[in-house]
Amino acid sequence: MNTLLSFHISCPYFSILPYFRKSSNIFLGGALPDGREAVLVKEYRAREVADQFALSFYDDNGFSYLVDRSGAIMARPWHKDGNKTLHSLFDLIPQEGNDPEMVQLFQDSIWRRKTGWTKFDHHGTRLVFCYEPLWDEGEWLLVSVIPEQVLTAQGASILKKTLLFSGATTAMVLILVMTYFASKMKVNARHTQELQEALDAADRANEVKGRFLMDMSHDIRTPLNAILGMTAVARQNSGNQEKVEDALGKIEGSGVHLLSVVSDVLDMSQIEQGKLILREEPIHLPRFFQETVELVRPKAVEAGLTLECAPVQLEEETVLGDKQRLRQVLLNVMGNAVKYTPAGGHVSVELTQGEEKRYRFRCADTGIGMEKEFQERVFLPFERARNTTASKIPGTGVGLTITKKLLDLMDGKIGVESALGKGSVFTVELPLAPAPEGDAALEEADYPGRRVLLVEDNALNLEIMEELLQLTGVEIETAADGSEAVEKLQSAPEGYYDLIFMDIQMPVMDGYEATRRIRAMERADVQRLPIYAVSANALAEDVKNSMDAGMDGHIPKPVEMAAIEKVMRRCFG
């Protein structure tokens, strides 16, 4: 067995034997000529250590000791008044007059090399023990013992000086602790205030959202009631064509309103998550503006209002923009004007072009107006004026919020001027880049001889699509899921199908996978074969997913005939 050798010289020397770590620079390992391992131990003179650490202070009333973790004294004061009979620090703490639990706690603190201070009775004299480890992970601690009465007499300045020399001062510890807790109290106070403000904001948000849910529930149930009720009326009057037509018209109007409510909520979610993607397509503004105004006119007439549209005169009539979102902005503004203007009132709109390709839309009404305070919140989500909720005017309270956020995405802006009982004027300014005229409305056309594959798993949706497609004169074949669509295309000769309308969510194989497999077929026609998604998944992310799968476009449900005709014109010319 190898033997570790150390060399010790008797008193007045003492050996320092830490954990044999080279980082301590206290020993040096090596080997003897006969192969045995040896350790050269560095030793210190006790008097030099005592002088170095100034082991007496307070006019020789206080003393410091170098002790190991067990409390054994390794170096003691050389002063004549120092106690030279002590072998352990705990000899200074008699059992009589001291709490055994406190003594045990002190012993544990020394063993664990903690920093701190405590007081014990020594034959009628209260002694203060301040302790501090000498170095990281070392075995020794510096313990200063001071009579309490000396500390009281000398004051805080001497205590600071004493503990400064010893490496860690009780005063500094106390000051740091007090500073720390004072700082923590300030931080806690600030956090408490911030928390209270957050709670107040959350309460306000919950209150606003609670009102929003009530309003939305009302706005959803109202058109649903009309749809179900008018369906029953149409069924009961199947022999009365006029009655049926009237019921169908009301069902359609209620369905459009219900769709707008759902779309508003979805749009808010998309915008808040930053997932709304704007398109760029040619827009002929005079025609687009007139068409949009005409969409609002029936509601204005029904409400007993006069709707006036000023003639449109623009330098650049055809621009690039997102037609759907731009129409949504104008409809929201005009719809609000119609909604909040009592019967007999007046709504006027105009579209003009200003400098730097900025277009200005203005909508003025003689409606109920709004207070100055509410004008500052009118573009916040779920906000509705008190006089609108009391009058049971429908709305989710997000239309103008969506309008503002859409305009922000388009680098546009919106403002309002209003007075309670005197109406409101909303002004929209929007930069639109000019583009060649395009997207002109074409006459309806039939496409006999064209073959369309309709992929849809829902029987009712399949029936609706078949009815709409039959109006275009195309031949229709169907598939119940993506797998069947792939099989039909594989078994058909090249060029057999001219267009595919593909649902997305289907059993067996969804529309994305079916499209990818069709595009991967080793035949010439599949790369140029138009495939359009027809899906209730109508968010911008869904459109992107369709395009990523290899589709040519995306038609949202409920499907409008205009959307189908647009695809037909694009594919068949």
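Worth saying up front: this structure is predicted, and the values here are computed from it rather than measured.
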For [X], does the [atom1] atom have more than 12 heavy-atom neighbours from other residues, nucleotides or ligands under 6.0 Å away?
X: Q505; atom1: CD; value: no
X: E494; atom1: CD; value: yes
X: K250; atom1: NZ; value: no
X: Q490; atom1: CD; value: yes
X: E242; atom1: CD; value: no
X: E194; atom1: CD; value: yes
X: E466; atom1: CD; value: yes

Next item on the list: Could you please spell out the steps behind the side chain to side chain contact (heavy atoms under 4.5 Å, CB included) verdict for V347 and E308?
Entry: CA-CA 6 Å; V347 177; E308 291 186 357; over 6 Å; no
Considering all heavy atoms, the nearest [X]-[Y] contact:
X: D510; Y: I504; answer: CB-O, 3.1 Å
X: A300; Y: L307; answer: CB-CB, 4.1 Å
X: S238; Y: V244; answer: CA-CG2, 4.0 Å
X: M370; Y: S424; answer: CE-OG, 3.8 Å
X: T403; Y: V329; answer: CG2-CG1, 3.7 Å
X: M521; Y: V526; answer: O-CG2, 3.6 Å

Do [X] and [Y] get their side chains close enough for a donor-acceptor pair, meaning under 3.5 Å?
X: T292; Y: R327; answer: yes
X: E477; Y: Y496; answer: yes
X: H284; Y: T318; answer: no
X: Q193; Y: R190; answer: no

Next item on the list: List the steps and the verdict of salt bridge (charged side-chain N to carboxylate O under 4.0 Å, His left out) for E513 and R516.
Entry: CA-CA 5 Å; E513 181 61 24; R516 284 190 286 265; 3.4 Å; yes
Note, [X] side chain near [Y] side chain (heavy atom, < 4.5 Å):
X: L305; Y: V338; answer: yes
X: M509; Y: V486; answer: yes
X: E456; Y: D481; answer: no
X: L489; Y: Y497; answer: yes
X: V233; Y: T231; answer: no
X: V416; Y: V425; answer: no
X: P342; Y: I368; answer: yes
X: F289; Y: V349; answer: yes

Item checked: Intermediate values then yes/no, salt bridge (charged side-chain N to carboxylate O under 4.0 Å, His left out), E294 and R297 -> CA-CA 5 Å; E294 292 307 314; R297 192 175 299 279; 3.2 Å; yes
Notebook entry, point to check: Would L430 and F361 satisfy side chain to side chain contact (heavy atoms under 4.5 Å, CB included), going step by step from the backbone distance to the final call?
Noted result: CA-CA 8 Å; L430 189 65; F361 167 70; over 6 Å; no
Check: Given the rule in the side chain to side chain contact (heavy atoms under 4.5 Å, CB included) test, do D365 and Y340 qualify, once you have shown the distances and angles that lead to the verdict?
Finding: CA-CA 9 Å; D365 65 65; Y340 298 121; over 6 Å; no
Checklist line | Backbone N/O of A480 and side chain of E484: donor-acceptor pair under 3.5 Å | finding: yes
Notebook entry, point to check: So, E429 side chain and Y359 main chain: donor-acceptor pair closer than 3.5 Å or not?
Noted result: no
Item checked: Working for side-chain hydrogen bond (donor to acceptor under 3.5 Å, both in side chains), residues Q328 and Q324 -> CA-CA 6 Å; Q328 188 175 0; Q324 176 187 352; 5.3 Å; no
Taking the basic N atoms (NZ, or NE/NH1/NH2) and the acidic carboxylate oxygens, is any pair closer than 4.0 Å for [X] and [Y]?
X: R451; Y: E475; value: yes
X: D552; Y: R519; value: yes
X: E371; Y: K422; value: no
X: R450; Y: D498; value: yes

Notebook entry, point to check: Between D503 and V455, does a side chain to side chain contact (heavy atoms under 4.5 Å, CB included) hold up when you go through it step by step?
Noted result: CA-CA 6 Å; D503 188 23; V455 189; 5.6 Å; no
How far does [atom1] of [X] sit from [atom2] of [Y], to the nearest 0.5 angstrom?
X: N336; Y: L331; atom1: CG; atom2: CG; value: 11.0 Å
X: M465; Y: N458; atom1: CE; atom2: CG; value: 12.5 Å
X: M502; Y: I555; atom1: CE; atom2: CD1; value: 13.0 Å
X: Y447; Y: L471; atom1: OH; atom2: CG; value: 12.5 Å
X: M551; Y: S546; atom1: CE; atom2: OG; value: 5.0 Å
X: L330; Y: E291; atom1: CG; atom2: CD; value: 12.0 Å

Check: Looking at Q313, R358, E316, which hits side-chain hydrogen bond (donor to acceptor under 3.5 Å, both in side chains) with Q353?
Finding: E316
Item checked: salt bridge (charged side-chain N to carboxylate O under 4.0 Å, His left out) between R362 and E417, worked out -> CA-CA 11 Å; R362 184 176 183 274; E417 297 177 5; over 6 Å; no
Next item on the list: Check the angle between the aromatic planes of F501 and Y532 and answer parallel, tilted or perpendicular using the 30° and 60° thresholds.
Entry: tilted
